[in-house]
Amino acid sequence: MANINFLLTEGPFQTEKWSTAAKLGAAALKKGHAVTFFCYLDGVYNGLSTQEFADWEKVPGDYFKELVDNGAEIVCCGICVNARGQQSGKFFYEGIKVGGIPDWAAFVGGADKVVTL
Amino acid sequence: MANINFLLTEGPFQTEKWSTAAKLGAAALKKGHAVTFFCYLDGVYNGLSTQEFADWEKVPGDYFKELVDNGAEIVCCGICVNARGQQSGKFFYEGIKVGGIPDWAAFVGGADKVVTL
Amino acid sequence: MALYLIDLPFAKIGLDVAKRDSEAKVVLIQDGVYLDPTGIENVYAVKEDVDKRGVAAKLGNAKIIDYDDLVNLIVENKVVNFA
Amino acid sequence: MALYLIDLPFAKIGLDVAKRDSEAKVVLIQDGVYLDPTGIENVYAVKEDVDKRGVAAKLGNAKIIDYDDLVNLIVENKVVNFA
Amino acid sequence: MFMFLRAPFGSIYYTEGLRAVVGMMSGLDEHKVTCVYAGDGAYYSLKGSDKSESAGYVKTISDISETHYYVEKESMAERGIAEADVDEMFEVISRDELAKLIAENDVIFDF
Amino acid sequence: MFMFLRAPFGSIYYTEGLRAVVGMMSGLDEHKVTCVYAGDGAYYSLKGSDKSESAGYVKTISDISETHYYVEKESMAERGIAEADVDEMFEVISRDELAKLIAENDVIFDF
């Protein structure tokens with residue numbers, strides 16, 4: 001089994017990177033691989049539990065919650081979280097952590113593969 | 001004097017559109033023009049009063065607060081605000097309103113010029 | 001007269017359309033200041049964007065304008081958005 | 001062997017680099033499926049992205065893969081990110 | 001007049017731009033709307049491209065206004081899109097005609 | 001190895017990418033770092049481009065690691081950037097050499 005790190009630098013809705021990343025992550029977990037995410041720049045908005053969009057059955061945040069529930073580790077860049085006004089991630093889903101680039105370095109150090117989106 | 005509407009569809013930090021829009025808006029206000037903003041898609045994140053970024057003296061939200069203080073009308077798309085987990089704009093600067101595309105249509109109907117960024 | 005606001009992602013089509021308008025004024029804005037404005041008579045480039053990128057010498061006869069000037073151009077012309 | 005993940009904005013340089021690698025596997029992803037993969041031997045395209053865009057017929061001999069297949073390719077190869 | 005210049009589906013502009021058209025047409029006293037797909041936006045004209053997210057907007061727009069959907073020939077050529085590939089809701093126009101449409105319309109939005 | 005592929009200063013990747021390099025070099029047991037500017041990222045190599053936002057990161061990176069900043073010749077040519085325009089912190093390499101660097105490095109980040 002492999003350890004895969006995803007770097008996600010775009011937020012929900014605006015581009016489809018959140019979707020590709022979430023679906024790839026879910027597929028990797030299902031196969032038994034270890035999965036870590038570092039959400040950087042606008043990527044940090046993906047952790048919000050407060051998204052409401054009636055047009056879609058599931059909002060982007062739901063996919064990231066499922067990743068965590070299924071064993072992925074997700075850390076969001078704290079500088080980016082606070083710069084973007086997201087108050088230390090207080091509205092993030094439980095289990096989605098706020099950290100720093102050192103956490104990402106640790107993920108990459110332990111990863112067999114790194115995918116950036 | 002003219003009435004200028006700005007459509008802003010990108011958020012703070014990630015691209016520089018927020019900066020161009022804010023500076024153009026400020027220059028227009030100074031000349032005595034009427035200025036309206038419709039923040040659409042990621043543009044709605046610009047209204048947040050909670051941004052903290054030690055590297056910069058002023059955060060993007062400060063520029064939009066100043067626009068409002070100086071007489072600009074700013075409306076953010078409510079569907080976009082809630083989709084992006086920003087809870088009806090409860091952490092927006094006072095004076096930055098949450099509305100809908102009909103508000104934008106009214107801005108455009110009353111505008112002499114429309115600039116999209 | 002029409003004022004074309006042009007940024008890099010939409011540059012090709014924006015400049016091409018402007019070239020078909022004999023009275024076009026083109027404003028290069030943001031990454032648009034990297035464009036080569038050869039062949040367009042009335043070209044402007046936003047000073048703050050030009051300075052940050054260090055491309056003043058490459059812009060030929062483009063007039064370097066500040067945000068005050070750009071507001072005046074916006075007010076005096078029809079705005080065509082390619083930014 | 002190296003797996004090149006390629007999306008549209010970085011396409012030109014990504015494909016050009018992949019062409020210099022005789023063992024390259026190229027995965028067209030997201031808007032990358034609009035690319036013309038002619039001249040590259042081992043090309044894959046992500047099914048969900050292809051289907052949404054309706055470009056299956058234009059992808060020549062590209063193998064259409066799902067996310068499960070892509071995970072396998074990622075695990076089995078060195079990943080080069082151009083997406 | 002609305003121009004769609006970004007590639008679907010890499011960003012959400014292709015559908016949120018149509019949402020904007022709906023709102024704008026409902027709010028303004030204007031009953032003719034022109035949508036032009038050019039640049040990477042031309043890819044949306046492909047017959048097989050997924051119109052499900054935007055079908056509701058397209059229907060509403062046609063209920064409240066006379067709508068024209070154009071796709072620009074030069075953008076198609078640059079991207080290898082043949083006329084036979086284009087969905088029947090679109091009419092193919094040249095870059096000259098796009099320039100004319102821009103000249104005729106007061107407000108030009110780009111999405 | 002870090003590739004910078006987006007145009008400065010339209011997006012913030014040019015500087016936040018360097019912030020990432022600093023953090024990564026501090027956190028990993030690795031003392032050599034390769035930064036390649038290619039595609040629209042090549043514009044950053046221009047002598048006159050504003051390095052003030054990134055100067056602190058560049059200094060820190062050079063304090064903790066042996067750093068090479070490369071800019072790619074073909075990307076320069078496509079954008080009309082002459083060797084004389086390039087800041088002295090950059091070394092010009094060819095696309096062949098970029099391909100070689102990619103082959104030699106285990107992890108390839110793009111910003």
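Chain letters run A, B, ... following the sequence lines, proteins first, then strands; residues in each count from 1.
- With 3.5 Å as the limit, one finds no donor-acceptor pair spanning the side chains of F:Lys32 and F:Thr34.
- Between F:Arg79 and F:Asp40 there is a salt bridge, since at least one side-chain N of the basic residue sits less than 4.0 Å from a carboxylate O of the acidic one.
- Comparing F:Gly80, F:Pro8, F:Ala7 by heavy-atom pairs within less than 4.5 Å of chain C, the highest count is held by F:Pro8.
- Contact of the F:Met76 side chain with the F:Val92 side chain is registered, since non-hydrogen atoms from C-beta on lie closer than 4.5 Å.
- Aromatic rings of F:Phe4 and F:Tyr44 (six-membered ring for Trp) have centroids beyond the 6.0 Å cut-off, not under it.
- Within residues 18-49 of chain C, the residues having any heavy atom under 4.5 Å from a heavy atom of chain F are, by residue number, C:Asp31, C:Tyr34.
- Side-chain contact check for C:Lys58 versus F:Asp85: some heavy-atom pair is nearer than 4.5 Å.
- For F:Phe9 and F:Tyr14, the distance between ring centers is under 6.0 angstrom.
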